[in-house]
Amino acid sequence: MIDKIYCAEIKPEMERQRIKLAGWVYRKREIKDKVFIVLRDSSGIIQIVFKEELSKEAYGKARKVGIESSIIAEGVVKPDPRAPGGVEIQGDRIEVISNVEFFPITKDASEEFLLDVRHLHLRSPKVAAIMKVKATLMQAAREWLLQDGWYEVFPPIFLTAAVEGGSTLFKLKYFDKTAYLSQSAQLYLEAAIFGLEKVWSLTPSFRAEKSRTRRHLTEFWHLELEAAWMDLWDIMKVEEELVSYMVQRTLELRRKEVETFRKDLTTLKNAEPPFPRISYDEAIDILQSKGVQIEWGEDMGADEERVLTQEFDRPFFVYGYPKHIKAFYMKIDPEDERKALAADMLAPEGYGEIIGGSQREDSYEKLVQRIIEEGMDPKDYEWYLDLRKYGSVPHSGFGLGVERLVAWVLKLDHIKWATLFPRTPARLYP
Ligand code: NSS
């Protein structure tokens, strides 16, 4: 490790202090006998001025260095109101670690090109800010889960059956058998609650969704919780407390980053429990009153959800969906057999679903019946059905799409910007 400090640590109060920095050349310009280098590291940027009169050698090297070269630089702190951040470095030493003649990303690069060179694009301060916010959201989730007594578990990714419908399964050869990539850890988390009661996991989930939308990836990060002894209303409380903590903590720790993406923080600040709750029936009424062509019993897609989000200035729940548009494992509402005890959490500002959750069917007979109704084979779910034979309990859980949450928090126009290397039907590289 070299003994360096980060760009963001340099303050005007450090006047005349000698410091060492290491990073990449972000911008460069020359004026007469001076070279101005804006150095970038993971914390931010700072301007370093190399004057010929101060060090001929350093000035000469600085002149030759290219954008995105990695360098170690030394110099003295000098407050300067004209410099970004009110401070700059008078550089007198520069060591070029790896010089770059030409960096492929230029100002006018198209979005497609940026994704083609995503491995290089990741160094842009804007992408780094998104990843910092994502990391902070997950740090906050862990803080909350720890203090609320949830156990982290580590479920498998190779599965033998569908969780969220056969049409989006990724199938692969597993020696002489067929396996599928996990769409959700849910069924395995359900098994884990019998020993641990309140469990969570963070795993990649895979969906072969051909639909090209702003909110679908083929591989996304899935934060899932499952708890014994909780009904739908209990788990909705968990959801709103968790999401609220994640958002408020991120505003506390990453305000600057969030503000570079969105000027208006109202909907984020508003994300405090209780979140509004409307029934599916009410949602259909609202949509119909706004001229949307939708009938009771139909699923809401991104377009319908977008219209619905205009009614809210904070995340909200839609509960009580018709059972036939929801998954087989959801418990049927004993008060209305047409409906499942399901609730989605929708983010405002057009974003829509960020969480899908439900109470689970805990009766063996009813679960078998639902599996058959959905055209699936109970044999494929034998172990899962066992859970209803041996000490079945009321239980509930949910899954949060991490990239969807990030996209809303930062008002990104596409979920792909919320992940390091997006995977979509059209993109598997880099
Ligand atoms: O299909 S979900 O609505 N629900 C489940 O998978 C449950 N088995 C989770 C559970 O109860 N443990 O997906 C959950 C969330 C959904 O609300 C989205 O935020 C996200 O997962 N999701 C996605 N994000 C990105 N891309 C795709 N394709 C995607 N599909 C779901």
Is any NZ, NE, NH1 or NH2 atom of the basic residue among [X] and [Y] found under 4.0 Å from an Asp or Glu carboxylate oxygen of the other?
X	Y	answer
Glu112	Arg427	yes
Glu349	Arg262	yes
Glu57	Lys61	yes
Lys34	Glu30	no
Lys416	Glu403	no
Glu240	Arg277	yes
Glu305	Arg215	yes
Asp264	Lys411	no
Lys290	Asp285	no

Could you pull out the closest heavy-atom pair between [X] and [Y], with the gap in Å?
X	Y	result
Phe275	Pro315	CB-O, 3.4 Å
Ala340	Met330	CB-CB, 4.0 Å
Gly297	His324	O-NE2, 3.0 Å
Gly86	Pro12	O-CG, 4.1 Å
Ala228	His395	CA-CB, 3.8 Å
Glu295	Ile284	O-CD1, 4.3 Å

Scan for salt bridge (charged side-chain N to carboxylate O under 4.0 Å, His left out) pairs involving residues 136-154, sequence neighbours excluded, and state none if there are none. Arg142-Glu152, Glu143-Arg249, Asp148-Lys198
Within residues 85-96 or reaching into it, pairs that qualify as salt bridge (charged side-chain N to carboxylate O under 4.0 Å, His left out) - sequence neighbours excluded: Arg18-Asp92, Glu74-Arg93
Taking C-beta and beyond as the side chain, do Ile46 and Leu21 meet within less than 4.5 Å on heavy atoms? yes
Measuring only between side-chain heavy atoms, which start at C-beta, is Val35 closer than 4.5 Å to Lys28? yes
Can you give each donor-acceptor pair under 3.5 Å made by side-chain atoms of residues 38-45, sequence neighbours left out, with the distance rounded to 0.1 Å?
unit_1	atom_1	unit_2	atom_2	d
Arg40	NH1	Arg123	O	3.2
Arg40	NH2	Glu68	OE1	2.8
Asp41	OD1	Ser43	N	2.8
Asp41	OD1	Ser43	OG	2.7
Asp41	OD1	Gly44	N	3.2
Asp41	OD2	Cys7	N	2.8
Ser43	OG	Cys7	N	3.3
Ser43	OG	Ala8	N	2.9

Do Arg254 and Thr136 get their side chains close enough for a donor-acceptor pair, meaning under 3.5 Å? yes
Quick one: do the Glu164 and Tyr329 side chains pair a donor with an acceptor below 3.5 Å? yes
Could you list the residues that satisfy ring pair (Phe, Tyr, Trp, His ring centres under 6.0 Å) with Phe328, not counting sequence neighbours? Tyr381
Considering residues at least two apart in sequence or located in another chain, which fulfil the ring pair (Phe, Tyr, Trp, His ring centres under 6.0 Å) criterion with His121? none
Under 3.5 Å: donor-acceptor pair, side chain of [X], backbone of [Y]:
X	Y	result
Gln90	Gly75	no
Ser184	Gln186	yes
Gln183	Gly165	yes

Looking at Tyr6, I'd like to know if the NZ or CZ of Lys4 sits under 6.0 Å from its six-membered ring centre while staying within 45 degrees of the ring's axis. yes
Stacked cation flag Arg118 on Phe421, 6.0 angstrom / 45 deg: no
For residues [X] and [Y], establish whether the separation of their ring centroids is below 6.0 Å.
X	Y	answer
Tyr321	Tyr280	yes
Trp233	Phe317	no
Phe170	Tyr180	no

Point-to-point distance, once rounded to the nearest 0.5 Å, from CG of Asp231 to CG of Leu341: 8.0 Å
Just verifying a value: how many Å separate Leu225 CG and Leu242 CG, rounded to the nearest 0.5 Å? 6.0 Å
Quick one, Asp234 with Lys237, criterion salt bridge (Lys or Arg N to Asp or Glu O under 4.0 Å). Give me CA distance, side-chain angles, the key distance, then yes/no. CA-CA 5 Å; Asp234 297 326; Lys237 277 196 195 136; 5.2 Å; no
Listing, residues 102-110 side-chain donor-acceptor contacts under 3.5 Å, not counting sequence neighbours, or none:
unit_1	atom_1	unit_2	atom_2	d
Thr106	OG1	Asp108	OD1	2.9
Ser110	OG	Phe113	N	3.1

Please assess Val199 against Trp150 for the test side chain to side chain contact (heavy atoms under 4.5 Å, CB included), listing each intermediate value before the final yes or no. CA-CA 5 Å; Val199 299; Trp150 298 74; 5.7 Å; no
Given ring pair (Phe, Tyr, Trp, His ring centres under 6.0 Å), test Trp383 with Tyr188 step by step and report yes or no. CA-CA 10 Å; Trp383 71 263; Tyr188 295 85; 4.7 Å; yes
